[in-house]
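Notes follow once the structure below has been shown.
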Amino acid sequence: MPKQFTLGKSERLKSRKAIDELFKNGKRFTVSPFRVFFVITKQTELQFGAGVSSKNFKKAVDRNKIKRLTREAYRLQKNSLQKLLKEKEKGLNLFFIYTEKEIKEYQHIYLQTEKAIKKLSAFINEDIS
RNA sequence: GCUACAAGCCAGGCUAUCGCUUCUUAUUUAUUUAGGAGGAGGAAAGUCCGGACAGCACAGAGCAAUGCACCGGUGAAUAGCCGGGUCUUGAGAAAUCAGGAACAGAUAGUGCCACAGAAAAUAACUACCCUCCUUCGCCAAGGCUACGGAGGGCAAGGGUGAAAACGUAGGGUAAGAGCCUACGGCUUUUGAUGGUAACAUCAUUUGCGGGUAAACCUUGCAUGCUGAAAUGCCACAUAUACCAUCGCCUGAGAACGGCUCGUUCGAUGAUGGAGGGUAGGCAGCUUGAUUCCGAUUGGUAACUUUCGGAACAGAUAAAUGAUAGCCCACGACAGAAUCCGGCUUACGGCUUGUAGCUUUU
RNA sequence: GGCUUCGUAGCUCAAUUGAAUAGAGCAUCUGACUACGGAUCAGAAGGUUAUAGGUUUGAAUCCUAUCGAGGUCA
């Protein structure tokens, strides 16, 4: 039986080229602390990345903290997206950028990530129809 | 008890659940799953110094640029560290104690020193003194002499200023002056003694023409440049096309990565513009001048010799986390990116020592 | 990871080969003008020159360290 709540290397957005493409041509929307970039692809893969601007957070410790919290919230909630994509036979490239200037609590980040994922699944449904 | 400084140590722990990453064993071999082991710091930071390592260059010469500047030691090396000297600040009656020093040269040259002040640097001006001339005045008719002029003495005094041409005392003189003498201060030469040396002490000798070199500069010493986005290999991909300028051996330019000489190369050529393609993987990549502990050799010390033991991450959009519970001091500063040695800065707790203040006895 | 520039009134800038009260404009405050307000005129206040040391008789300026804000190199 495979694990559910994983976030391994293959599930992260790693290619520099793909990221450049995402910021150039991807769609975007904003949910409270995050600005979400995404692109719907033909490969059936869900790839995710997170980032924080060094202008908003000067200390590397703070940036790491936020990225970890974001990854954690995404990891526990990405299953619904994965299921949807399998049904529709599509892929998705995702990037979350933290835009607030203060560190929020995990609970808040968790809730906002949930909203973002709901919005994403709505976009996927529209794209198909 | 509080505060400051110095030294040393620690950098929350345990349990459960879900996760990340490296290595390894087994299973399967598109690779997945399971087990085991490991997984940020004292500053990982600032990038202020010094190296290792790598590439290019390495016939050489000159210029420039940058850095350093008391002595000795230490170490791979430094602007680090240790010890010493000199100067200096504070405390003290003193011995001494505790700091600080960018501590070569101002007699190689140039520049600058506001205001004030006569003058901020070859000493001029004023003032003073002597001789001569003129003669207002006085007069006992011999002379004396103000002011002024000429020549000479050049040197004390001149209220300022941060700073004014050694200080004090005496002699000397027409008036004066290190002009001379004594004491003191600084300085130059030579010698002796002590010390590896800086230097110290003593003797001898030469002087006493400000400050500023964190102004230019001079002297001595050192330095080739670049920096893991270095570099090597594999894979993939295209554009020997277009425009401008120069040039095709009477030579554009390139290399010697600051410049010049000089040397070598040099024609489907060079530079610039605009544009096209690729930005995947492996090595470099983590065990090395390594760090720590114990004993030991040498040394005042920094450090070091030998032996034994222990420890040491390796990511690549970038790994150490999240949630819940318990305990305590309720957790500060803060996240490796080629690797080491130092310095600097940020900061929680505990222990020890020193100093100060306060309270009680 | 490397290199490099800057920091002056609330704001935008001067003064940068060291020389004494650090200056200008806008904004602020007070007064005049007006029935009131604006504009205008007159005046005032506002600075530990980012911070801490040092050199110098004297530092915004020179030097060192720190803090902060940019820029740039594939």
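The chains referred to below are lettered A, B, ... by the order of the sequence lines, with proteins before strands, and numbering in each begins at 1.
Contacts classified as salt bridge (Lys or Arg N to Asp or Glu O under 4.0 Å) and involving residues 25-34 of chain A (residues at least two apart or in different chains) are not found. Residue pairs that meet the salt bridge (Lys or Arg N to Asp or Glu O under 4.0 Å) test with at least one member in residues 115-124 of chain A, sequence neighbours left out, do not exist here.
Look at B:A106: it lacks any Watson-Crick or wobble partner with both distances under 3.5 angstrom. Across the strands present, C:U40 finds its partner in C:A32; the criterion is a Watson-Crick or G-U wobble pair with both atom distances under 3.5 angstrom.
Toward the 5′ end of RNA chain B lies the nearest nucleotide of A:Phe48, the other residue of the pair A:Phe48 and A:Lys59 mapping further downstream.
In this structure, the side-chain contact (heavy atoms from CB on, under 4.5 Å) partners of A:Asp62, at least two apart in sequence or on a different chain, are A:Phe57, A:Lys59, A:Ile103. Considering only residues two or more places apart in sequence or on other chains, A:Phe48 meets the ring pair (Phe, Tyr, Trp, His ring centres under 6.0 Å) condition with A:Tyr74, A:Phe96. Shown here are the side-chain contact (heavy atoms from CB on, under 4.5 Å) partners of A:Thr30, two or more places apart in sequence or in another chain: A:Arg35. Residues passing the side-chain contact (heavy atoms from CB on, under 4.5 Å) test with A:Leu85, sequence neighbours excluded: A:Leu46, A:Lys90, A:Leu92, A:Ile124. Looking at residues two or more places apart in sequence or on another chain, you find no side chain to side chain donor-acceptor pair (under 3.5 Å) involving A:Gln112.
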Distances under 3.5 Å between nitrogen or oxygen atoms of protein and nucleotides 319-326 of chain B:
{"unit_1": "B:U320", "atom_1": "OP2", "unit_2": "A:Arg68", "atom_2": "NE", "d": "3.2"}
{"unit_1": "B:U320", "atom_1": "OP2", "unit_2": "A:Arg68", "atom_2": "NH2", "d": "3.0"}
{"unit_1": "B:G321", "atom_1": "N2", "unit_2": "A:Glu72", "atom_2": "OE1", "d": "3.4"}
{"unit_1": "B:G321", "atom_1": "N2", "unit_2": "A:Glu72", "atom_2": "OE2", "d": "3.2"}
{"unit_1": "B:G321", "atom_1": "N2", "unit_2": "A:Arg75", "atom_2": "NH2", "d": "3.4"}
{"unit_1": "B:A322", "atom_1": "OP1", "unit_2": "A:Lys65", "atom_2": "NZ", "d": "2.8"}

Protein-nucleic acid N or O pairs under 3.5 Å, nucleotides 346-349 of chain B:
none

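Taking all atoms of both residues into account, the shortest heavy-atom contact from A:Asn125 to A:Lys88 is OD1-CE, 3.5 Å.
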